[in-house]
Amino acid sequence: FYQDLQKEVSELTEAEEKLDELITKCNLQLKLLTEDTQNKKLGYVMCQDLRRSFDSPDQLVIVIRAPAETQMQVSEPSEGYQVSLKSTQGPIDVFLCPEN
Amino acid sequence: AQECQNLEVERQRRLERIKQKQGQLQELILQQIAFKRLVQRNRAAEQHAGRAPPPNSVINLPFIIVNTSKRTVIDCSISNDKFEYLFNFDNMFEIHDDIEVLKRMGMACGLEAGRCSPEDLKEARALVPKALEPYVTEMATGPITNVYMTGA
Amino acid sequence: RTRILVSIGESFGTSDKFQKINAMVNSRDWSLKRYGCFDRNSASKPLKRL
């Protein structure tokens with residue numbers, strides 16, 4: 001039983017190392033993909049794409065575009081909810097997704 | 001017996017970490033496929049239109065969205081330099097990031113829900129490196145539960 | 001008071017970043033003065049599921 005366990009744990013170790021390797025590669029691929037100049041230009045959605053993401057017409061869609069490392073804090077004051085945004089690297093853009 | 005018990009604990013711990021890492025890999029594969037398909041779609045649309053869309057009609061990644069009922073009252077304070085915002089909502093709302101929107105737009109071929117047509121699966125497999133193809137095939141019908149030690 | 005802090009501004013972070021916030025916000029009973037007892041049926045409908 002001990003030897004079977006030993007064998008299984010060693011296979012699991014190998015499998016985990018394989019996953020670590022794939023995750024590292026995937027993160028690198030995604031970084032290169034999103035940082036490519038052309039892809040940066042073509043990496044956008046249209047306003048109607050957002051509209052289509054919500055099936056009910058009574059939705060208000062607020063879009064937030066913030067610089068990296070912007071902090072968002074959601075806290076529960078006595079009534080309702082408070083969402084604060086704090087950027088250190090540039091202005092934050094907030095706008096409503098137009099209806100049409 | 002003690003050594004067996006220690007090994008059993010080690011085995012459990014490894015199984016949990018493998019499960020967590022399979023979820024992480026799955027999300028990375030979804031993101032890669034969704035982003036590539038978004039870029040492909042936009043490139044084809046621009047070539048078809050012969051021009052880029054008007055700047056005020058597109059929202060570049062990265063972004064996040066907050067959606068709420070139109071009846072929500074939102075108090076908003078903004079600092080002069082637009083580095084700080086404070087919103088007060090009096091109704092429920094949801095926050096989603098751009099990749100979630102891409103998934104809802106169908107850019108991940110339904111792989112996020114384990115419902116991917118054979119045609120979409122073929123297209124999705126072509127968008128990832130060989131080593132990831134077996135994972136994409138598995139994602140077409142459900143979450144990743146295997147680890148493929150070779151590309152095959 | 002419940003408080004959740006996340007970093008935004010990067011694409012493709014972890015997918016469950018906002019799940020905790022959405023769960024917290026939508027679990028709350030919104031019986032606010034403004035709506036009396038807020039009618040949950042008229043609450044914002046769940047997002048379209050693929």
Side-chain angles (χ1 to χ4, degrees), chain A residues 1-2 5-6 8-9 12-16 18-20 22-23 25-27 29-30 33-34 38-50 52-54 56 58-66 68 72 74 77 79-88 90-94 97-98, chain B residues 3-4 7-8 10-11 14-15 17-18 21-22 24-25 28-29 31-32 35-36 38-39 42-43 46 52-53 57-72 74 76 78 81-91 93 95 98 101-102 104-105 129 131-132 147-149:
Chain A
F1 177 62
Y2 180 78
L5 260 183
Q6 244 182 349
E8 188 177 349
V9 168
L12 290 175
T13 306
E14 233 183 291
E16 188 177 2
K18 182 70 183 172
L19 282 171
D20 288 337
L22 287 172
I23 287 169
K25 279 183 183 167
C26 271
N27 273 313
Q29 284 157 8
L30 208 51
L33 205 58
T34 50
Q38 265 305 312
N39 289 345
K40 263 195 176 146
K41 256 191 271 172
L42 290 163
Y44 59 78
V45 298
M46 313 294 289
C47 295
Q48 62 259 30
D49 291 324
L50 286 190
R52 268 184 237 128
S53 297
F54 306 96
S56 26
D58 80 332
Q59 288 293 299
L60 202 64
V61 181
I62 302 164
V63 182
I64 299 174
R65 296 203 68 244
M72 168 187 263
V74 181
E79 187 174 284
Y81 269 89
Q82 204 161 68
V83 177
S84 71
L85 302 173
K86 274 197 176 64
S87 159
T88 54
I92 302 168
D93 253 351
V94 177
C97 178
Chain B
E3 282 175 23
C4 277
L7 264 185
E8 185 55 40
E10 171 68 10
R11 175 180 168 277
R14 287 223 177 253
L15 284 170
R17 280 210 303 267
I18 283 173
K21 289 176 179 177
Q22 286 167 327
Q24 202 180 337
L25 178 64
L28 285 167
I29 292 172
Q31 293 176 1
Q32 189 174 136
F35 185 73
K36 284 183 174 177
L38 177 75
V39 166
N42 292 341
R43 181 179 289 119
E46 290 191 11
S57 69
V58 303
I59 299 156
N60 276 88
L61 275 61
F63 64 85
I64 63 172
I65 57 164
V66 180
N67 78 288
T68 183
S69 160
K70 276 183 180 153
R71 292 178 305 128
T72 301
I74 307 170
C76 174
I78 309 174
D81 58 6
K82 291 178 67 176
F83 275 49
E84 292 191 36
Y85 284 72
L86 186 64
F87 300 96
N88 276 295
F89 288 80
D90 79 342
N91 190 351
F93 58 86
I95 303 177
D98 41 20
V101 172
L102 296 193
R104 290 170 199 275
M105 286 166 59
L132 298 177
V147 181
Y148 300 89
M149 300 313 283

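These values consider heavy atoms only, across backbone and side chains, with no hydrogens, waters or symmetry-generated copies. Letters A, B, ... mirror the listed sequences (proteins, then strands); counts begin at 1.
- Looking at B/Glu46, the atoms closer than 4.5 Å to chain A (heavy atoms on both sides) all sit in the side chain, from C-beta outward.
- Looking at B/Asn60, the atoms closer than 4.5 Å to chain A (heavy atoms on both sides) sit in the backbone and in the side chain alike.
- The side-chain contact (heavy atoms from CB on, under 4.5 Å) test with A/Ser53 singles out one residue from B/Ile65, B/Leu102, B/Asn67, B/Val101, and that residue is B/Val101.
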>> Evaluate A/Ile64 against B/Tyr85 for side-chain contact (heavy atoms from CB on, under 4.5 Å), listing each step before the verdict.
In response: CA-CA 11 Å; A/Ile64 299 174; B/Tyr85 284 72; over 6 Å; no
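- Highest contact tally toward chain B, considering only A/Val61, A/Leu22, A/Val9, A/Val45, is held by A/Val45 [criterion: heavy-atom pairs under 4.5 Å].
- Among B/Val58, B/Leu61, B/Leu25, B/Ile64, the residue with the largest count of heavy-atom pairs under 4.5 Å with chain A is B/Ile64.
- Residues A/Met46 and B/Pro53 share a closest heavy-atom pair of CE-CB, 3.9 Å.
- With rounding to the nearest 0.5 Å, the separation of CD1 in A/Ile23 from CD in B/Gln24 is 4.0 Å.
- With a 4.5 Å cut-off on non-hydrogen atoms, B/Ile78 does not touch chain A at all.
- Note that the NZ atom of B/Lys21 and the CG atom of A/Asp20 stand 3.5 Å from one another [nearest 0.5 Å].
- Between the CD atom of B/Glu3 and the CG atom of A/Leu5 there is a distance of 11.0 Å, given to the nearest 0.5 Å.
- A/Leu12 and B/Ile18 get closest at one heavy-atom pair: O-CD1, 3.5 Å.
- At a 4.5 Å heavy-atom cutoff, the contact between A/Lys40 and chain B is made by backbone atoms alone.
- Remark: the backbone N or O of B/Val39 is not paired with any side-chain donor or acceptor of A/Asn39 at under 3.5 angstrom.
- Contact of the A/Val83 side chain with the B/Phe93 side chain is registered, since non-hydrogen atoms from C-beta on lie closer than 4.5 Å.
- Heavy-atom distances place the side chain of A/Val74, and not its backbone, under 4.5 Å from chain B.
- When each of B/Ile59, B/Leu7, B/Leu28 is checked for heavy-atom pairs under 4.5 Å with chain A, B/Ile59 comes out on top.
- For the pair B/Pro129 and A/Gln29, the tightest heavy-atom approach, listed with the atom from each and the gap, is CG-NE2, 3.4 Å.
- A salt bridge is defined here as a Lys NZ or Arg NE, NH1 or NH2 lying under 4.0 Å from an Asp or Glu carboxylate O, and A/Asp49 with B/Arg104 fails to meet this definition.
- Listed here is the closest heavy atom pair of B/Leu132 and A/Cys26: CD1-SG, 3.5 Å.
- Put simply, the side chain of B/Glu84 does not reach to within 4.5 Å of the side chain of A/Ser84, judged on heavy atoms.
- When side chains are defined from C-beta on, A/Arg65 counts as touching B/Pro62, because their heavy atoms get closer than 4.5 Å.
- For B/Cys4 against A/Phe1, the heavy-atom pair with the smallest separation is SG-CD2, 3.7 Å.
- In this structure, A/Leu85 CG and B/Lys82 NZ are separated by 12.0 Å, a value rounded to the nearest 0.5 Å.
- Rounding to the nearest 0.5 Å gives a distance of 8.0 Å between CG of A/Leu50 and CE of B/Met105.
- Between chain B and the options A/Lys86, A/Glu8, A/Glu16, A/Gln38, the largest number of non-hydrogen pairs under 4.5 Å is found for A/Glu16.
- Distance check: B/Phe35 CZ to A/Thr34 OG1 gives 6.0 Å after rounding to the nearest 0.5 Å.
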